[in-house]
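This one's a predicted model, so the numbers in the text were calculated from it and none came from an experiment. Note: hydrogens, waters and symmetry copies are ignored here, and every other heavy atom, side chains too, is used. Order of the sequence lines sets the chain letters (A, B, ...), proteins ahead of strands, with each chain counted from 1.
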Amino acid sequence: VDPVLLARIQFALTVGFHFLFPPLTIGMAWIILWMMTRYVRTGSELYRNMARFWVKLFAISFVVGVATGITMEFQFGTNWAQYSRFVGDIFGAPLAAEAVIAFFLESTFLAVLVLGWNRVSPKIHWFSSLMVAVGSTLSAFWILVANSWQQTPAGYHIVNGRAELTSFRDAVLNPSMWPRFFHTMDAAMVTGAMFVMGISAWFVIRKQHLAFAKESLRIALVTMFVASILQLPLGHWHGMQVAATQPEKLAALAGHFKTQNRAPEIVFCIIDPPETRCTIAIPGLLSLLAYGDYNATVKGLLDFPRDEWPPVVPTFYSFHLMFGLGIYFCALGSFGVYLLWRRRLFNSKLFLRLALWSIPLPFVANNLGWIVAEVGRQPWIVYRLLKTRDAISVTVPATQILFTIIMFSAIYALLFFAWLTMLKREMRRGPVFGKAEAEEVAA
Amino acid sequence: VTDGLQIAWFWLVGALLTGYVILDGFDLGVGFWYLFARKESDRRALLTSILPYWDGNEVWLLTGGGAVFAAFPAVYATIFSGLYLALMLVLFALILRAVSIEFRLKAESAGERRLWDAGFAIGSILPALLFGVAAGNILSGLPLDASGNYVGTFLTLLNPYSMLVGVTGLALFATHGALFAALKTDGEIATRARGWAQRAWVVYLALFVASAVATAVQPAIIANYKASPALWTLPALALICILAVGYCNHRRLVLKGFIASSLGIVAIFAALGGALFPRLVPASNDPALSLTISNSSSSPLTLKTMLILAVVGVPIVLAYTVWVHMIFRGKTSIVESY
């Protein structure tokens, strides 16, 4: 078997699984901060228990994110040694920065947030909650800096067969960094909010812990609504940047083969490169969205060398599915806010069920977006500098990669199952903190 | 200036790994003794003692990994691809361990508890052993080709010398962890932990001496020591610290014993650094192929940028780490629900 393919499968598997968790915990961290703020401001037991319950679910998810994240820090070296040698001068810095600036912050203050209910004052507890939210966001920032540099390298020159830093500022603030950061952060807010909203809806449906559930639902719904609507301009911004910096990716995600002006935006089609069938398209919209001009020329894939095309089929479908889900989130959020305004939110069985069953969808959308970004960058591992097939560890035999893929699959399956079990358990227990809590007190 | 930056990063990476071994070392060590504590309340006490810390401790490993990647990318590439299977085993172990610690305390059935107990114990013991094996291999050198790729096999790594260093490391972690457990628990389990520390210490002392002798008879490893005999004070200091561990524990001065154990780790890493410098990965087949601070480092600009980050960032990290230890100071008893 081709070791490059195996190494890619392994990377896709380990990042894809890991990437389920950080967006959830980042989004939740800010929602929890809001609850902690309400608690500190009002001193209300309702908000205290609310924050405490969501912190539990947060911690269960966070630990899976941490555990699967350990792999990521080392995988560049284990499976992508040639890549590490080529980009280490630039790529290693954001990873180290992430650890020093973000990981320590979130992991240390999380301990206080989770275990500090009877140990620290509400203000310090609130501060810990803030540090967890800030830490997880900084972590997203630095890892997206690293990823963005792969997409749109900047601030470097090539010496001795490797990329060397010429400007740290330019490398960090590379062209795709801010659009990617805000697009991903906002997706994290949608993910965290949908999670809190869906589980709160579950309590409302079952008529349990109603005061807690209704207030949590309200907070999450408003967050979800704002974040999903905000994703329209943010996603658009990111798309315009892709059009400007990675035209092949744009052509692939849009299923655009022939260079033309007034390029149509395909809403639906069956794609069979270089053909599209059963196409429903809106004339001129791709030109308008990509370049802000209805008449702009959009270069099609046929005008790029065939061996520099990204895999069109996965890129195209992932993008369109992600986009569809994004629109669905806007619709669901708007529906919920309308019901809230008409004071019918908590009686609408339809909305409550939709909210519950939609919990997995943002996770799906996140991974689809990640596929668009990463598969759409192929065949490059660093855009136009290094090809993926030249980046692997030449000394690692295919059999060993296969063995570790099997191990990762088994362990991750166990983690996923355990995660769901723990969530279900906490949900059944609910936001109840009585004598059972009997927290330890310093001797 | 370049030389200065490279030298600074050599010792900084060493400092980060030392920090990792001191901090995560105690919770790995607690994991070693976990299986010996058969009573449910003892197991919970041991887990609770590390609960607020293990995650932050593990970040030291990630930081060390990130620092090697950023400062010496060629070393990062060579070691992690070369020691592929060994490192993957460590990763699997650490992944299992992380979730086991958190999920064990929420387990509801005996079967579940057994699963997470096994995950925590294996997840602690395997890395504790393999870190030393890796250190032994790096110290005695790896067979490398001209592009810096490892040309040995997995079995090459399991040589007697490295295995000896591996079990020495395990004894170090076991001693360190038992002292921490004695420090943070109460009653019967604390007494037992002191007993564990005493037993582990005897093994640790014997294996340390054996490893030191096995190292001293290999001229390739101790070339630096021959050139500057003053370096011998470092392993001597390590030995003194280890002896102090046994003395303090015997006198029931647990905190002092733990500090002595930590200082011993510092001295051991300093001694290792003294032997390796300026090499990071000696080539066992041809010294000219060794990866050194000058042929494997990043550009001066990257080293400088990262140095600023480290000088500003690490003290802040240390400050709030100490703060958290203050919050959770004293003995920890059982957390029912968190």
Give, as side chain, backbone, both or neither, the part of [X] having an atom under 4.5 angstrom from any heavy atom of chain B.
X	result
A/Val112	both
A/Phe408	both
A/Val55	neither
A/Phe76	both
A/Phe53	neither
A/Val396	side chain
A/Ile60	both

Cation-pi, A/Phe433 ring and A/Arg52 (6.0 angstrom, 45 degrees):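 Output yes; distance and angle both within limits.
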B/Lys106/A/Glu426 ion pair, N-O < 4.0 Å: yes
Side-chain ion pair, B/Arg97 and B/Glu102, N-O less than 4.0 Å: no
Heavy-atom pairs under 4.5 Å with chain B - which of [options] has more of them than the others?
options	value
A/Leu110, A/Asp89, A/Val120	A/Asp89
A/Thr68, A/Asn160, A/Leu415, A/Asn79	A/Asn79
A/Thr404, A/Thr421, A/Val100, A/Ile411	A/Thr404
A/Leu95, A/Ile401, A/Leu165	A/Leu165
A/Arg162, A/Glu164, A/Gln75, A/Gln82	A/Arg162

Contact listing (chain B partner; residues 124-134 of chain A; heavy atom under 4.5 Å): A/Ile124, A/Ser128
Ring-ring centroid check B/His325 B/Tyr53, cutoff 6.0 Å: yes
Min side-chain heavy-atom separation B/Phe131-B/Val90 under 4.5 Å: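 A side-chain contact exists here, since the closest heavy-atom pair is under 4.5 Å.
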Please set out all donor-acceptor pairs under 3.5 angstrom arising from side-chain atoms of residues 138-147 of chain A, sequence neighbours excluded.
residue  : atom : partner  : partner atom : Å
A/Ser139 : OG   : A/Glu98  : OE2          : 2.8
A/Asn147 : ND2  : A/Glu374 : OE1          : 3.3
A/Asn147 : ND2  : A/Glu374 : OE2          : 2.9

Part of B/Leu115 lying under 4.5 Å from any heavy atom of chain A: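 The side chain, not the backbone.
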Side chain / backbone / both / neither for B/Trp323 at chain A, heavy atoms under 4.5 Å: side chain
Selection from B/Gly148, B/Ala77, B/Gly313 maximising heavy-atom pairs under 4.5 Å formed with chain A: B/Ala77
Chain A contacts, top residue of B/Gly64, B/Gly82, B/Ser299, B/Ala310 (heavy-atom pairs, under 4.5 Å): B/Ser299
